[in-house]
2 protein chains.
Amino acid sequence: MVSERRVKGSGGKRTAPRLTADDWTAAALEAMADGGLAAVAVEPLAARLGATKGSFYWHFANRDALIEAAVLRWERDHTEAVIGLVDAEPDPLARLRLLIGLVLHSTARPVDGSIELAMLATADHPHVAPVLARVTERRVAYTAGLFAALGWPAAEARHRGLLAVTAYLGHAQMAHVAAGSLPTAEADRQRYVDQVILLLTAASAPDRA
Amino acid sequence: MVSERRVKGSGGKRTAPRLTADDWTAAALEAMADGGLAAVAVEPLAARLGATKGSFYWHFANRDALIEAAVLRWERDHTEAVIGLVDAEPDPLARLRLLIGLVLHSTARPVDGSIELAMLATADHPHVAPVLARVTERRVAYTAGLFAALGWPAAEARHRGLLAVTAYLGHAQMAHVAAGSLPTAEADRQRYVDQVILLLTAASAPDRA
DNA sequence: TCACCACTGTACGGTAGCGTACGGAAACAT
DNA sequence: ATGTTTCCGTACGCTACCGTACAGTGGTGA
């Protein structure tokens with residue numbers, strides 16, 4: 001789980017390699033994934049890296065600076081990843097389906113999702129709040145753009161994008177706090193995703209009796 | 001914000017009233033609303049109540065016991081409140097509309113919602129997790145019941161209930177971390193809620209070209 | 001090779017909160 | 001009124017973590 005500080009010499013002299021600021025931010029995100037922001041603590045982190053605080057306070061002014069760096073790094077890496085993953089698909093409808101299916105299934109695997117959950121859990125932190133606000137708005141805008149590309153007028157596209165993103169956020173939460181309430185069997189899960197896509201792309205006019 | 005420890009005598013002798021266990025759980029929930037579970041700390045709580053730890057450790061074995069009591073109390077009060085509020089309406093469709101509208105607007109006012117957000121933020125805590133799981137499943141089951149009463153088959157009703165609840169959870173999150181991404185103008189907000197209700201109750205078959 | 005600089009370890013003081021011990025006050029029963 | 005139970009305050013030690021001071025070490029260029 002933790003990348004121990006490995007020796008670099010091959011033969012006899014085993015020397016611990018020096019650490020960079022990036023090593024610390026990476027460790028911070030790793031700690032955040034399991035333990036939340038509270039786990040981003042200098043001394044435990046140093047222990048995990050096989051170093052001491054003396055190293056840390058060289059690279060960062062204080063704990064707060066580390067948090068800021070880690071959170072900004074997450075924003076950068078994370079948004080690039082998702083966009084690059086979906087934007088390959090040319091057809092808007094297929095892209096929407098790909099996005100929703102991908103994102104609803106992604107809550108199953110833990111690694112990346114738990115960082116996001118940890119961020120949501122600490123949304124009040126002054127360094128976390130603006131990042132979450134940016135990421136969220138970016139998602140809504142992107143999803144709304146997909147609906148707009150499918151022909152819905154701007155306002156309605158925005159509303160559908162909003163519903164899609166809120167559904168995703170809630171799905172992530174539910175996978176975390178009440179996994180048992182979500183469909184478990186693979187077939188049922190697939191049907192659920194299909195159903196969601198269907199409802200999100202349903203016609204506007206009410207047509208039920 | 002905090003109910004200070006008031007005197008009870010009318011004239012000259014001002015005596016602080018004694019505290020009950022319920023006073024402590026109430027204060028704990030109050031602290032949780034602004035500050036999260038971390039703010040449920042014995043010494044600060046005692047300060048807010050104008051008492052000392054000596055009092056606390058008489059009523060509770062330790063901090064953990066207080067957390068458990070507070071969280072269970074929240075579960076009890078909270079579920080009763082919501083059910084009682086909506087179950088008056090006899091017509092299922094009206095009840096569904098009432099529920100969704102109520103719940104999507106509720107994220108605006110802070111009091112009750114912030115406790116729930118705090119719980120979600122600490123979902124990993126051993127005392128919080130089971131409560132959240134129960135409350136969530138209860139909501140899904142209830143909402144699914146509404147859709148079932150409207151005529152959808154059980155599986156689809158469950159899926160729609162699931163989507164409704166995830167949308168609610170995500171909405172609450174978004175109101176917290178990216179309020180600016182949600183509709184701000186009252187008219188737009190109303191249209192958004194209508195749109196959500198429409199999509200959640202849309203017919204099953206895809207009918208778009 | 002040697003002086004310098006980037007980096008790290010050690011040692012220290014400070015703060016916040018948990019939990020315990022115990023004496024004493026306040027209510028209550030008799 | 002007085003003893004008993006209930007409740008509360010004070011004082012203490014303990015742990016975890018933050019941040020600082022400073023002495024060292026190892027690589028690197030002159």
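Letters A, B, ... mirror the listed sequences (proteins, then strands); counts begin at 1. All values reported here derive from a predicted model rather than from experimental measurement.
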Between atom [atom1] in [X] and atom [atom2] in [N], what is the gap in whole Å?
{"X": "Y57(A)", "N": "dA21(D)", "atom1": "OH", "atom2": "C1'", "answer": "13 Å"}
{"X": "R18(B)", "N": "dC8(D)", "atom1": "CZ", "atom2": "P", "answer": "6 Å"}
{"X": "I67(B)", "N": "dG17(C)", "atom1": "CD1", "atom2": "C1'", "answer": "13 Å"}
{"X": "D64(B)", "N": "dC18(C)", "atom1": "CG", "atom2": "P", "answer": "11 Å"}
{"X": "F56(B)", "N": "dA11(D)", "atom1": "CZ", "atom2": "C1'", "answer": "19 Å"}
{"X": "R63(B)", "N": "dC18(C)", "atom1": "CZ", "atom2": "P", "answer": "6 Å"}
{"X": "L66(B)", "N": "dG17(C)", "atom1": "CG", "atom2": "P", "answer": "15 Å"}
{"X": "L19(B)", "N": "dA25(C)", "atom1": "CG", "atom2": "C1'", "answer": "15 Å"}

Quiz item: Of the non-hydrogen atoms in A21(B) and F60(B), which two are nearest, and what is the gap between them?
Solution: O-CZ, 3.6 Å
Practice problem: Could you pull out the closest heavy-atom pair between T201(A) and W152(A), with the gap in Å? | Solution: O-CH2, 3.6 Å
Quiz item: Looking only at side-chain N and O atoms, does W58(A) come under 4.0 Å of OP1 or OP2 in dC7(C)?
Solution: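 No, no such contact exists.
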Practice problem: Compare side-chain N and O positions of H59(B) against OP1 and OP2 of dT6(D) and report whether any pair is under 4.0 Å apart. | Solution: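 Result: no.
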Self-check item: Residue whose nearest DNA chain D nucleotide is more 5′ - N62(A) or G54(B)
Solution: G54(B)
Do the side chains of [X] and [Y] get close enough for a salt bridge, i.e. N-O under 4.0 angstrom?
{"X": "E43(B)", "Y": "R63(B)", "result": "no"}
{"X": "R48(B)", "Y": "E30(B)", "result": "yes"}
{"X": "D188(B)", "Y": "R191(B)", "result": "yes"}

Practice problem: Can you sort out the partners of T25(A) under side-chain hydrogen bond (donor to acceptor under 3.5 Å, both in side chains), two or more places apart, ordered by chain and number? | Solution: R73(A)
Quiz item: What parts of residues 36-46 of chain B reach DNA chain D, counting only heavy atoms under 4.0 Å away?
Solution: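 Per residue number, the list is empty: none.
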Self-check item: M174(A) and V140(B), any side-chain heavy atoms less than 4.5 Å apart
Solution: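 The answer is yes; the side chains approach within 4.5 Å.
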